[in-house]
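Quick caveat, the model's predicted, so the values are computed rather than measured.
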Amino acid sequence: MVNFHIFVKLVSLMKKWYNLTIQNALTNMHPVGAYLSDEKKYQKYLFLLRGFNVNKFFYLIVTLIFIVSFILRFILARNAPLTQDEKETIVISKSICVISDNINLPYRDSLTPHPLLTPYLIKAGESIWGNNVYGFRFFSFITGILATIFIFLLSTETIGKRAGIIALVLSSFNLYHLGRSLMAVDDVIMLFFAILSIYTLVKAIRNEAYSLLVWCGISLGLGYLADMKIALLIPIIMVYLVIYRRNIFKKKEVYIMLLIPISIISFDAYWQMSYENIVKMKLWTNISEISISRTGINFYLIRPISYILDIDYRTTISWEKPTMSFLDGIVIIMGVIYSFKNWKDKIIRFMLMVFLFPVGLISLFPKGEFWWSGISLWPGIYLASLALSELWRRKRVYKYCIFVLLIMLVGQSFWFLAGIKELNIPPNRYGLYVDYDMDLMKWYFEKGLLDEAIAEAREALKICPNELRINNFLQKCLLIKRK
């Protein structure tokens, strides 16, 4: 029988193991078994504990988060109704044809202000999974998952494992990214290439692996072909390198990195000037007025601001686009503010530049859209994970609060799942004038596709039956068809 002294010592070791596991499981520690192995006298009582490895525990947590995120996104992608943005992009994808007798490879289309990488990806997904939501949303789903992996890798490699897990939770269950990454739209593809370019740039500089700079340039170029807003990263990168990494310009890879996206942007500008009237494009119309506004910060704080002002936030923005929750936005903003204390760190400076520049710039356009600040999402999550990981180390009460916060962020995503069917329902849907996008039905009409225009108008009237513009448009189409 084990005597009382040995029992007390065993309990003491169990307590040490418990504290070591709970407090340091998310940091770079040696295996717990290695710590216990020093207690030679009591090894025979602790054979079960010696096999525990903190690294295995870390990867177990990461795997569980990834599985939950994967399942959640899959359910959302299957059940969420197609939005107008998706319908427009899908229509463009259906016009793509690679058959030699009827080849059609468009570069731009009047339905979208961006180049057409996303419709080509939809076409590829459709060829894999068929003409259904799985095919349409396949690459959005994949790039959404991959984007969370790259922000996890970036945070883990530059801050630590604890920050990596926090960044994985903040990105996987962020309501904006969660909602957009289930849709076949431009900006989710752009967000993937944005984090890929940031990751490869930081890794190239930290590890002096300058060949990665070429991949950064390729990511920026491909991101531009999906959504032009990624171009905001180019001046930020150039300014950062000139100020803080001037010696890097001795490497030829830097010039290749900059040449790739600049060449693509130059070609696109020439195309627009040659073949399109960019003044009529909605994107350029929205930036025609300049004044100080809260457009940029609305990307993070539209819900708390609307709550304070006692207004329905969906009446002030593009209502079919998901927004961040109270928790998402406040956590990121507070993390960014906290990170100013680490300003001397050059990576932190770069992340703050990538966050502040788009948010500040977009705030100059009151007619702009809140989601134009999208590329600031990744530095925001990175800085928030840094702040929370530092606070985790300070006091035990902080650990409990942060743990509860992360659980709440996971839980809110299931609340979002419960209301996903309402994502396609505009505010004031029974009014005479509803903020409903008529671009697709007008596009059908201009192409002479009256049946498709009529079908789209009737589908819209199921959602907002009293809308005068749509009713008048439908009557116009029916009258022309009778003639």
Exercise. Is there a side-chain contact (heavy atoms from CB on, under 4.5 Å) between M257 and L201 once you walk through the steps?
Worked result: CA-CA 10 Å; M257 175 191 71; L201 176 68; 4.1 Å; yes
For this session: For residues Y120 and Y107, establish whether the separation of their ring centroids is below 6.0 Å.
Result: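 No, too far apart.
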Fit a plane to each ring of [X] and [Y], take the angle between them on a 0 to 90° scale, and name the class: parallel (under 30°), tilted (30 to 60°) or perpendicular (over 60°).
X	Y	result
F152	F58	parallel
F70	F66	tilted
F326	Y307	perpendicular
W271	F267	tilted

So, do [X] and [Y] sit near enough that their side-chain heavy atoms are less than 4.5 Å apart?
X	Y	value
L406	I165	no
F136	F141	no
S140	I189	yes
T295	F365	no
V62	L168	yes
K87	M441	no
E86	I122	no
I333	I297	yes

Locate the shortest heavy-atom distance separating [X] from [Y]; write the atom from each residue and the value.
X	Y	value
G223	I230	C-CG2, 3.4 Å
L178	S413	CD2-CB, 3.6 Å
P358	L232	CB-CD1, 4.0 Å
L220	P261	CB-CB, 3.9 Å
A457	F473	CB-CD2, 4.2 Å
S376	Y300	OG-OH, 2.6 Å

Side chain [X], main chain [Y], donor-acceptor under 3.5 Å:
X	Y	value
S306	R303	no
R108	P113	yes
D187	M190	no
S363	R294	no
R349	W343	yes
R73	S172	yes
D345	I348	yes
R180	G144	no
D439	E88	no
N104	S95	yes

For this session: List in chain and number order the residues that pass salt bridge (charged side-chain N to carboxylate O under 4.0 Å, His left out) with D310, two or more places apart in sequence or in another chain; answer none if no residue qualifies.
Result: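 Once residues adjacent in sequence are excluded, D310 has no partner under the salt bridge (charged side-chain N to carboxylate O under 4.0 Å, His left out) criterion.
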Exercise. Between L233 and F193, is a side-chain contact (heavy atoms from CB on, under 4.5 Å) present by the stated rule, with each step listed?
Worked result: CA-CA 11 Å; L233 277 177; F193 285 115; over 6 Å; no
For this session: For side-chain contact (heavy atoms from CB on, under 4.5 Å), just list the numbers for L352 and L383, CA-CA rounded to whole Å, side-chain angles, deciding distance to a tenth of an Å, and then say yes or no.
Result: CA-CA 8 Å; L352 285 169; L383 296 172; 3.5 Å; yes
Exercise. Of W378, F416, W371, which meets ring-ring contact (aromatic ring centres under 6.0 Å, His included) against H177?
Worked result: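 When ring-ring contact (aromatic ring centres under 6.0 Å, His included) is applied between H177 and each of W378, F416, W371, only W378 qualifies.
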For this session: Could you verify whether a donor N or O on one side chain and an acceptor N or O on the other, from D328 and Y176, lie under 3.5 Å apart?
Result: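 Looking only at side-chain atoms, Y176 and D328 do not form any donor-acceptor pair under 3.5 Å.
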Exercise. If you measure only the distance, is there a donor-acceptor pair under 3.5 Å linking the side chains of R245 and Y240?
Worked result: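 Judged by distance alone, the side chains do pair up.
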What distance do [X] atom [atom1] and [Y] atom [atom2] have between them, rounded to the nearest 0.5 Å?
X	Y	atom1	atom2	value
I103	I96	CD1	CD1	11.0 Å
D268	H114	CG	NE2	10.5 Å
L327	L405	CG	CG	6.0 Å
L175	Q412	CG	CD	4.0 Å
R137	S181	CZ	OG	10.5 Å
L170	T148	CG	OG1	11.5 Å

For this session: Take E126 and I90, measure what side-chain contact (heavy atoms from CB on, under 4.5 Å) needs, and give me the verdict at the end.
Result: CA-CA 10 Å; E126 192 177 347; I90 291 168; 5.7 Å; no
For this session: Sequence neighbours left out, what pairs pass side-chain hydrogen bond (donor to acceptor under 3.5 Å, both in side chains) with at least one residue falling in residues 197-209?
Result: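 Qualifying pairs, neighbours excluded: E157-Y199, E157-K203.
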For this session: Report the residue from I236, V354, V359 that forms a side-chain contact (heavy atoms from CB on, under 4.5 Å) with P379.
Result: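 Of I236, V354, V359, side-chain contact (heavy atoms from CB on, under 4.5 Å) with P379 is met by V354 alone.
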For this session: List for me each residue that meets side chain to side chain donor-acceptor pair (under 3.5 Å) alongside W215, sequence neighbours excluded, and say none if there are none.
Result: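 Testing W215 for side chain to side chain donor-acceptor pair (under 3.5 Å), a comparison that skips the adjacent residues, returns none.
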